[in-house]
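Residue numbers begin at 1 in each chain, while the letters A, B, ... track the order of the sequences.
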4 protein chains.
Amino acid sequence: MPRGRRKGDHDSKREEIADATCKVILRSGIEKSGIAEIAREMGCSTGVLMHYFKTKAEMLLYSKNLMFDRAHERMKQAAANGHGPERLLAMTRELLPLDAASIARCRLLTAFMGLAIGNPALMKLQDKRDLLHIKQFAAVITDLQATGTVSAKLDPMLEGRRICALIDGIASQAATNPRSWSPADVEATMSRYLQSLMTSAA
Amino acid sequence: MPRGRRKGDHDSKREEIADATCKVILRSGIEKSGIAEIAREMGCSTGVLMHYFKTKAEMLLYSKNLMFDRAHERMKQAAANGHGPERLLAMTRELLPLDAASIARCRLLTAFMGLAIGNPALMKLQDKRDLLHIKQFAAVITDLQATGTVSAKLDPMLEGRRICALIDGIASQAATNPRSWSPADVEATMSRYLQSLMTSAA
Amino acid sequence: MPRGRRKGDHDSKREEIADATCKVILRSGIEKSGIAEIAREMGCSTGVLMHYFKTKAEMLLYSKNLMFDRAHERMKQAAANGHGPERLLAMTRELLPLDAASIARCRLLTAFMGLAIGNPALMKLQDKRDLLHIKQFAAVITDLQATGTVSAKLDPMLEGRRICALIDGIASQAATNPRSWSPADVEATMSRYLQSLMTSAA
Amino acid sequence: MPRGRRKGDHDSKREEIADATCKVILRSGIEKSGIAEIAREMGCSTGVLMHYFKTKAEMLLYSKNLMFDRAHERMKQAAANGHGPERLLAMTRELLPLDAASIARCRLLTAFMGLAIGNPALMKLQDKRDLLHIKQFAAVITDLQATGTVSAKLDPMLEGRRICALIDGIASQAATNPRSWSPADVEATMSRYLQSLMTSAA
DNA sequence: TATGAATGAGTCTTCATTCAT
DNA sequence: AATGAATGAAGACTCATTCAT
């Protein structure tokens, strides 16, 4: 039996902590999400948290990135698997608030976003993450331009930004009031937007 | 010589405090926007702030509402003054991040939004405010449907929500990285979206 | 019309403030009896209070003494008017908790008493006031010894202290729970005690 | 090696804090007994106090109850051990101000009492504790009635209240000025009162 | 005199972080 | 690796007192 723990153990504990962190934030808000509360949610002592993360800030950042990256990964999968005009829509489906879990994710990202305002370092990090989404959309749009599905005159990056903006906006509103955006409304909105994009000549 | 102070004095002081609050939030982030820091920004003692607001939470809420309402007022003006297809675009211009001041406002609203997550009372209040924007757009869309500029088959409220979502999304991205959205990009995005709306048949 | 106010105006305002102070203490407890609350009760500004009293401590002391002295005055009257064995009982009646007003007074004195603990200056002042009661009882006892109603062997001051102790004890208990001491119980207790005193040989 | 601390450690720390609290109150008065001062007395940081007590109010209540209960326990012992007519006197001795320690306790209870005025919740709690004393006296009086030492016509609870009232009154006066009540005076007073009680026919 | 806005030291309380066990 | 007691700086808030009007 080896003395030291596997790398995996360490990482999976960090993920477990991140999940507890998110649960607490959703329940109590970011302001009241103290380390003690998260430890209680985990069923462990605060010392554990500080053992796996040097500071609380690092813990929050890790948690946010984990949420973000999980969604990004699935969106990348959708990009890889999709074909034809449906591809973009399939990608957005992984980022939009369509069920309880994705609404929770939107809320979390909104909460973290608010924290980043006025904190240049965090804002830069957030912006870098956002770019991953945008570039992925841009890449697919470039693909679609090659097949003529999307007009070659459009700027893939800008169109990517536009799609992400619409996603973020819906996410933000659904975060405040999930009942204002039914899954059908969400899908219809995105679908119509993408349709118009693929029809657009300029 | 009047004994008591004028009502106006009291209210204008509250606005002055709200402006200082916003300045501090933009500079230091919401977490570090303590009452002491805001007092320093105002050039007064912390006691003053508590004299004009019972709690810090009330102060923040007032500040946010003030920012929101100022923009809403201008947007309503644009709705009243505008004519024809340009009307919707003119309205969005008052809410989009097009210059330093409006970018600051977007940042503030993003910061406050994050605070509301996990706080049902705040979320409800925020949602009520958001509805003001949406209803205003819906009203104008209804007008445009009467003149045939917009298809009568569209649901004004849903279309209002969609416009607001796009605005919020752009605002959110510009909050993180203003350079990613030039004023021209912003306008073009909004313009094209509204164009497609007015062309839309379903 | 003379410029300055009468001494009486000044004093009667101080009494008015003292009464408001007592009302607030009874309602909110001594800890929460701030100057602002008292001003509100008076229907005036805090400035007025500081005009008539240099400090809050002075205001509290004045209020307590006023309550105390009013009762003492009536007790002295009872001493002057009473005759024979009834005299002592009549005196105690002015100090005991027998109705709403006197229960309120007992509560106030209890509250002030608690404040004096750990404050040598206040304790000395309070002790001096208490002596007034005791000496009055002692004087009457001396009278009663002259007529043979009370044994000459008893120490008038000590007996005075004992009577006051019993009064204070009943007052203290009635302050906490007025229902535990019906007026009849109070009177019977005091009456029996004084009876035994007048019968006592040593 | 046990992971968690023993229950005893936690409770004994609470008692240690309570003792420090009392020392500070006696020295500085209740108003000036801040958490910082108590921490200084303990030789620890303020955080420790909040670790063992959720609020300052809880800390004060615990301290008062501890003082009260310690005396009550000894009084109950005296009730259990005593025989015949001496029993009641032995019980009162545990509650009366007869030496430095008991005078300190009387002062503390006086200080806490003052705090309770105007605070219904605290008053109710205090009244419940007082009843413990009274019931204990009543129980012993009932015993003595069975042996004919005390007249069966007397109401045990009322007589218990009367004894407690006298004790409280003496305690209250000794709190203000300990020199006014020598131990001999205290004992003689109580002794004579109890004597008269046991002689009483009605 | 009277006002009540302003002050700022002081209050309790929270909390991320450290550290002995 | 884990515990949770201890730290102490920072937090929001209170309040007696002052002072310009």
Side-chain angles (χ1 to χ4, degrees), chain A residues 3-5 9-10 13 31-40 42 44-60, chain B residues 1-5 9-10 13 31-39 42-60, chain C residues 3-5 9-10 13 31-40 42 44-60, chain D residues 1-5 9-10 13 31-39 42-60:
Chain A
R3 263 259 177 160
R5 302 304 162 100
D9 279 16
H10 193 261
K13 191 86 177 187
E31 281 187 310
K32 306 220 163 145
S33 294
I35 265 191
E37 182 70 14
I38 297 168
R40 211 169 299 130
M42 284 275 295
C44 70
S45 70
T46 64
V48 174
L49 307 187
M50 304 311 288
H51 182 74
Y52 286 94
F53 295 97
K54 259 212 308 291
T55 66
K56 188 196 177 187
E58 186 196 324
M59 204 169 100
L60 290 181
Chain B
M1 197 75 48
R3 236 22 104 64
R5 303 303 158 99
D9 279 18
H10 192 262
K13 191 88 177 190
E31 280 188 312
K32 306 232 158 128
S33 293
I35 263 188
E37 184 67 15
I38 296 169
M42 283 275 295
C44 71
S45 70
T46 65
V48 174
L49 306 187
M50 306 313 292
H51 185 73
Y52 287 94
F53 295 96
K54 264 208 302 292
T55 64
K56 187 197 178 188
E58 187 196 323
M59 202 169 103
L60 290 180
Chain C
R3 264 244 174 178
R5 301 305 161 100
D9 279 17
H10 193 261
K13 191 87 177 188
E31 281 187 310
K32 305 219 162 146
S33 294
I35 265 191
E37 182 69 14
I38 297 168
R40 211 169 299 131
M42 284 275 296
C44 71
S45 71
T46 63
V48 174
L49 307 187
M50 305 311 289
H51 182 75
Y52 285 95
F53 295 97
K54 259 211 308 290
T55 66
K56 187 195 179 188
E58 186 197 322
M59 203 169 100
L60 290 181
Chain D
M1 197 74 51
R3 236 24 101 68
R5 301 304 157 98
D9 279 17
H10 193 261
K13 191 88 177 188
E31 280 187 311
K32 307 234 158 128
S33 294
I35 261 187
E37 183 69 15
I38 297 168
M42 284 275 296
C44 71
S45 70
T46 64
V48 175
L49 306 187
M50 306 312 291
H51 185 73
Y52 286 95
F53 295 96
K54 262 209 303 290
T55 65
K56 188 197 177 188
E58 187 195 323
M59 201 169 102
L60 291 181

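Protein atom CG of D:Asp9 is 18 Å distant from nucleotide atom P of E:dA20, rounded to whole Å. Following rounding to the nearest Å, C:Leu60 (CG) and F:dC15 (P) show an atom-to-atom distance of 13 Å. One can place CD of A:Glu37 at 13 Å from C1' of E:dC15, the figure rounded to the nearest angstrom. Here the P atom of nucleotide E:dA2 and the CZ atom of C:Arg40 are 19 Å apart, to the nearest Å. Spacing between atom NE2 of B:His10 and atom P of E:dA6 amounts to 9 Å, rounded to whole angstrom units. Atom pair D:Met50:CE and F:dG11:P shows a separation of 18 Å (rounding to whole Å applied). Protein atom NZ of C:Lys56 is 12 Å distant from nucleotide atom C1' of F:dT17, rounded to whole Å. Separating the CD1 atom of D:Ile38 from the C1' atom of E:dT13 is a distance of 14 Å, rounded to the nearest angstrom.
The side chain of D:His51 has F:dG4 as its nearest neighbour among E:dT13, F:dG4, F:dA2. Of all nucleotides listed (F:dA5, F:dC13, F:dA9), F:dA9 comes nearest to the side chain of D:Thr46. For B:Ser45, whose side chain is taken as the heavy atoms from C-beta onward, the closest listed nucleotide among E:dG8, F:dT3, F:dA16 is E:dG8.
To the nearest 0.5 Å, the span separating CD1 on B:Ile35 from CE on B:Met59 amounts to 5.0 Å.
For the pair C:Lys32 and A:Val48, nearest-nucleotide mapping onto DNA chain F gives the more 5' position to A:Val48.
When heavy atoms are screened at a 4.0 angstrom cut-off, A:Tyr52 is found touching the sugar-phosphate backbone but no base atom. Residue contacts for B:Ile35: at a heavy-atom cut-off of 4.0 Å it reaches the sugar-phosphate backbone alone, with no base atom in range. Counting any heavy atom pair closer than 4.0 Å across all strands shown, D:Gly34 reaches sugar-phosphate atoms only and no base atom.
The side chain of D:Lys13 contributes an N or O atom lying less than 4.0 Å from OP1 or OP2 of F:dA6.
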Validation: residues 47-54 of chain B side-chain donor-acceptor distances under 3.5 Å, sequence neighbours left out:
none

Reading DNA chain F 5' to 3', what string of ( ), [ ], | and . shows its pairs, if Watson-Crick and G-U wobble pairs count only when both distances fall under 3.5 Å?
.||||||||||||||||||||
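By the side-chain hydrogen bond (donor to acceptor under 3.5 Å, both in side chains) test, A:Glu37 pairs with A:Arg27, A:Arg40, sequence neighbours left out.
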